[in-house]
Amino acid sequence: KEKFEITKEQQDFMNVILDAYNRHQIPPDVAKKLLQEQYSAEENFLLLTEMATSQVQVLVEFTKNIPGFLSLDHEDQIALLKGSAVEATFLRSAQAFSTKMPSGHTEVLEERIRKSGISEEFMTPMFNFYKSIGELHMVQEEQALLTAITIMTPDRPYVKDQQAVERLQEPMLDILRKLCALHHPGEPQYFARLLGRLTELRTLNHYHAEMLTSWRMNDYKFTPLLCEIWDVQ
Ligand SMILES: O=C(c1ccccc1)c1ccc(-c2nc3ccccc3n2[C@H](C(=O)NC2CCCCC2)C2CCCCC2)cc1
């Protein structure tokens, strides 16, 4: 078989992932809300916690549709969700930031985020990531697969059977490699660049706890789900 040709079963697999990804979109468009007006730090934090809470629920539904996930050890299923939730938040935020908007809107959105209440020191790594995701111009299949691959990362904390997770992640990496060759024929390095983003995503992971407690305000309220997933309060 041609090493770049997508097989029938890989196409079926891809359709399951893409269908799940599309069915589990974030309901309200947060970027649109942010473009309307500049909110206070408190209002922005509330918006973030509401968005992130609904995103975690969406993420769980999406993950349950990844072939093989539900046959993993139950504690490992939790460890994978917990281990990837922050990265999924940044990935989904990067996609929200990179969505094609009328000219000038992306700059307004960036300004709103810069003044949202997040402390200055995190702006550079966060926007570097957003822009590097934007430059890739990923097609939907790539976005869906990249999210699934991020979730199915074997070396998350507390995962007991890493081999079982590897066996689920490898086929997705193979499909992604083929999709990259298909959709970005002129860029043989595209697949490698895509995987490089996953490494950058992990570095953002380290900041998330500080990012949360550094919002310029005093009383932080998290939903119980976020306390669990973000290891806060
Ligand atoms: O500090 C953050 C963090 C990240 C992970 C874990 C803990 C904290 C942290 C987290 C998101 C963004 C972030 N980058 C964005 C890029 C474009 C558009 C919105 C964006 N947002 C926030 C947002 O609502 N994101 C949604 C997107 C859908 C999926 C759930 C999340 C708003 C919240 C209102 C104020 C301004 C930014 C900016 C910063």
Side-chain angles (χ1 to χ4, degrees), residues 21-63 81-102 104-136 138 143-144 146-147 150-151 156 197-198 200-217 220-233:
Y21 188 73
N22 287 328
R23 258 187 300 119
H24 303 115
Q25 286 289 0
I26 303 278
D29 186 343
V30 64
K32 212 170 281 151
K33 204 164 172 168
L34 285 170
L35 287 166
Q36 275 149 14
E37 58 185 289
Q38 178 70 47
Y39 298 101
S40 70
E42 285 72 13
E43 286 163 329
N44 277 322
F45 195 79
L46 181 64
L47 181 58
L48 168 64
T49 51
E50 282 168 358
M51 289 303 301
T53 300
S54 96
Q55 188 229 357
V56 170
Q57 288 152 345
V58 159
L59 192 73
V60 170
E61 283 317 303
F62 169 67
T63 307
L81 279 166
K82 195 161 157 41
S84 60
V86 168
E87 290 177 22
T89 301
F90 278 121
L91 198 49
R92 178 64 82 172
S93 298
Q95 285 155 3
F97 188 76
S98 318
T99 308
K100 193 87 195 79
M101 281 182 269
H105 284 217
T106 302
E107 289 69 21
V108 171
L109 180 58
E110 175 162 350
E111 207 38 46
R112 289 277 152 78
I113 295 167
R114 285 187 184 279
K115 294 205 194 98
S116 63
I118 302 161
S119 107
E120 206 47 43
E121 65 187 290
F122 303 113
M123 291 299 160
T124 308
M126 196 173 77
F127 281 109
N128 284 349
F129 177 69
Y130 290 174
K131 286 167 186 169
S132 67
I133 286 285
E135 281 157 13
L136 288 169
M138 276 189 270
Q143 287 186 18
L146 202 66
T147 305
T150 302
I151 296 161
R156 295 294 188 198
R197 300 286 70 81
L198 296 186
E200 196 176 347
L201 205 42
R202 282 196 182 215
T203 59
L204 285 175
N205 232 342
H206 298 309
Y207 294 124
H208 92 275
E210 276 174 82
M211 281 178 90
L212 280 166
T213 50
S214 70
W215 276 67
R216 288 190 299 277
M217 53 181 221
Y220 295 93
K221 286 188 200 63
F222 297 99
T223 61
L225 181 58
L226 290 184
C227 290
E228 182 59 41
I229 261 265
W230 280 354
D231 284 332
V232 284
Q233 211 146 357

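All heavy atoms count here, side chains included; hydrogens, waters and symmetry mates do not. What you see is a predicted model; the values in this text were computed from it and never measured. Numbering of ligands and ligand atoms starts at 1, following listing order.
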Asks: With a 6.0 Å cut-off (strictly less than), is the heavy-atom count around CZ of F122, excluding the residue itself, greater than 12?
Replies: yes
Asks: Under 4.0 Å, heavy-atom basis, I'd like to know which part of Y39 is in contact with ligand 1: side chain, backbone, both or neither.
Replies: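 Neither part.
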Asks: Using every non-hydrogen atom in the two residues, find where A144 and F62 come nearest and quote the distance to one decimal.
Replies: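 The pair with the smallest heavy-atom distance is O-CZ, 3.7 Å.
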Asks: Should S93 be counted as touching ligand 1, given the test is an N or O pair under 3.5 Å?
Replies: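 So ligand 1 has an N or O lying under 3.5 Å from an N or O of S93.
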Asks: Could you check atom 29 (C) of ligand 1 against the protein and tell me its nearest heavy-atom contact, residue, atom and distance included?
Replies: R92 CG, 3.4 Å
Asks: Rounded to the nearest 0.5 Å, what separates atom CG in L201 from atom OG1 in T203?
Replies: 7.5 Å
Asks: Between F90, Y130, F222, which one has a non-hydrogen atom sitting closest to atom 12 (C) of ligand 1?
Replies: Y130
Asks: Angle between ring planes, F127 versus Y130, binned at 30° and 60°: parallel, tilted or perpendicular?
Replies: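 Perpendicular, since the angle between the ring planes exceeds 60°.
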Asks: Can you report which non-hydrogen protein atom sits closest to atom 22 (C) of ligand 1, along with the distance?
Replies: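 Ranked first by proximity to atom 22 (C) of ligand 1 is L48 CD1, 4.1 Å.
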Asks: Would you mind listing which atoms of ligand 1 come within a distance below 4.0 Å of any non-hydrogen atom of S116?
Replies: 35 (C), 36 (C)
Asks: Mark the output for R112 as yes if a heavy-atom distance to ligand 1 is under 4.0 Å, and as no if none is.
Replies: no
Asks: Are R156 and S84 close enough that a side-chain donor and a side-chain acceptor fall under 3.5 Å?
Replies: no
Asks: So which protein heavy atom does atom 32 (C) of ligand 1 come closest to, and at what separation?
Replies: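 Sorting protein heavy atoms by distance from atom 32 (C) of ligand 1 puts L34 CD1, 4.1 Å first.
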Asks: For atom 24 (O) of ligand 1, what is the closest protein heavy atom, and at what distance to 0.1 Å?
Replies: V30 CG2, 3.5 Å
Asks: K221 side chain to F45 main-chain N or O, any donor-acceptor pair under 3.5 Å?
Replies: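 Checked: no pair found.
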Asks: For ligand 1, which atoms have a heavy atom of I118 less than 4.0 angstrom away?
Replies: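 By the 4.0 Å cutoff, the relevant atoms are 38 (C), 39 (C).
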Asks: Okay, side chain of Q38, backbone of K115: is any donor-acceptor separation there less than 3.5 Å?
Replies: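 Yes.
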Asks: With a 4.0 Å cut-off on N to O distance, would you call K131 and E135 a salt bridge?
Replies: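 Not counted as a salt bridge, because no side-chain N and carboxylate O are separated by less than 4.0 Å.
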Asks: Please report the closest heavy-atom contact between W230 and H208, naming both atoms and the distance.
Replies: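 Heavy-atom minimum between the residues: O-NE2, 3.2 Å.
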Asks: Only heavy atoms of N44, strictly under 4.0 Å: list the atoms of ligand 1 that pass.
Replies: 34 (C), 35 (C)
Asks: Of all the non-hydrogen atoms in the protein, which one sits nearest to atom 1 (O) of ligand 1, and at what distance?
Replies: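 Here the nearest protein heavy atom works out to M211 CE, 3.5 Å.
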Asks: Which of the atoms in ligand 1, numbered in the order shown and given with their element, are less than 4.0 Å from a heavy-atom of H208?
Replies: 6 (C), 7 (C)
Asks: I'd like the name of whichever of D231, L212, I113 reaches closest to atom 7 (C) of ligand 1 through any heavy atom.
Replies: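 Minimum heavy-atom distance to atom 7 (C) of ligand 1 goes to L212.
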